[in-house]
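The basis for the numbers below is simple: all heavy atoms, side chains too, and nothing from hydrogens, waters or symmetry mates.
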Amino acid sequence: MEIQRRSFLTPFFAFHFITLFGILIALFIYMMSSENQPLHSFIFSPNLYIIASLIAISVRLFLWILVDKGTFFEINKIFKRMLLDVVVINVVILSTLSSLFIVKTFFL
């Protein structure tokens, strides 16, 4: 039986709840932006990425407790998934905000 290897890009093209949270955060930030506080001020703010990272970690911990019953059997995989979730949510937020910015700038 051959073990299937996963590519580094697999999580970016698979559906996860973290992707949905990233899109929702980006839409919320887009709705909060105004002339007084433009979109680029949110993008360059480290608070956005800290909050998004904490959301990704808390979702992964919640799933670990709910699904894995909080066992430490494969804790190494949990930490890897946490790190991957942090990267994915931040990439999703940036790509969604940049797409909304381009649509607003050139098409509206």
Using side-chain heavy atoms (C-beta onward) and a distance below 4.5 Å, is F79 in contact with I75?
yes

From L97 CG over to F42 CZ, what is the distance, rounded to the nearest 0.5 angstrom?
9.5 Å

I50 CD1 to S45 OG distance, which is reported to the nearest 0.5 Å
8.0 Å

State plainly whether one hydrophobic cluster holds both M31 and I55, where clusters connect Ile, Leu, Val, Met, Phe, Trp and Tyr through side-chain heavy atoms under 4.5 angstrom apart.
no

Any donor-acceptor pair under 3.5 Å from S95 side chain to V92 backbone
yes

Do I65 and M82 share a hydrophobic cluster, counting only Ile, Leu, Val, Met, Phe, Trp and Tyr and linking them when any side-chain heavy atoms are less than 4.5 Å apart?
yes

Any chance you could measure L20, atom CG, to I25, atom CD1, to the nearest 0.5 Å?
10.0 Å

Is I18 reachable from L27 through a run of I, L, V, M, F, W or Y residues, each pair having side-chain heavy atoms under 4.5 Å apart?
yes

Do L100 and F28 sit in the same hydrophobic cluster, where Ile, Leu, Val, Met, Phe, Trp and Tyr count as joined when their side-chain heavy atoms come under 4.5 Å apart?
yes

Compare every heavy atom of I93 with every heavy atom of G22, then report the nearest pair and how far apart it is.
O-CG1, 3.4 Å

Does L94 share a hydrophobic cluster with I51, counting links as ILVMFWY side-chain heavy atoms below 4.5 Å and allowing steps through other members?
yes

Show, in sequence, the C-alpha distance, side-chain angles and deciding distance for D85 and I57, and conclude whether the side-chain contact (heavy atoms from CB on, under 4.5 Å) test is met.
CA-CA 7 Å; D85 286 346; I57 289 171; over 6 Å; no

Drop me the distance from L84's CG to K77's NZ, to the nearest 0.5 angstrom.
13.5 Å

Please report the C-alpha distance between K104 and Y30 in whole Å, then the side-chain angles of each, then the deciding distance to 0.1 Å, and finally whether the side-chain contact (heavy atoms from CB on, under 4.5 Å) criterion is met.
CA-CA 10 Å; K104 182 181 177 184; Y30 182 75; 3.3 Å; yes

Per the side-chain contact (heavy atoms from CB on, under 4.5 Å) rule, which among L48, L24, I43 passes with I29?
L48

dist S33:OG -> F101:CZ (nearest 0.5 Å) comes out at 10.0 Å

I need the single residue from Y49, F17, F21 that forms a side-chain contact (heavy atoms from CB on, under 4.5 Å) with I89. Which is it?
F21

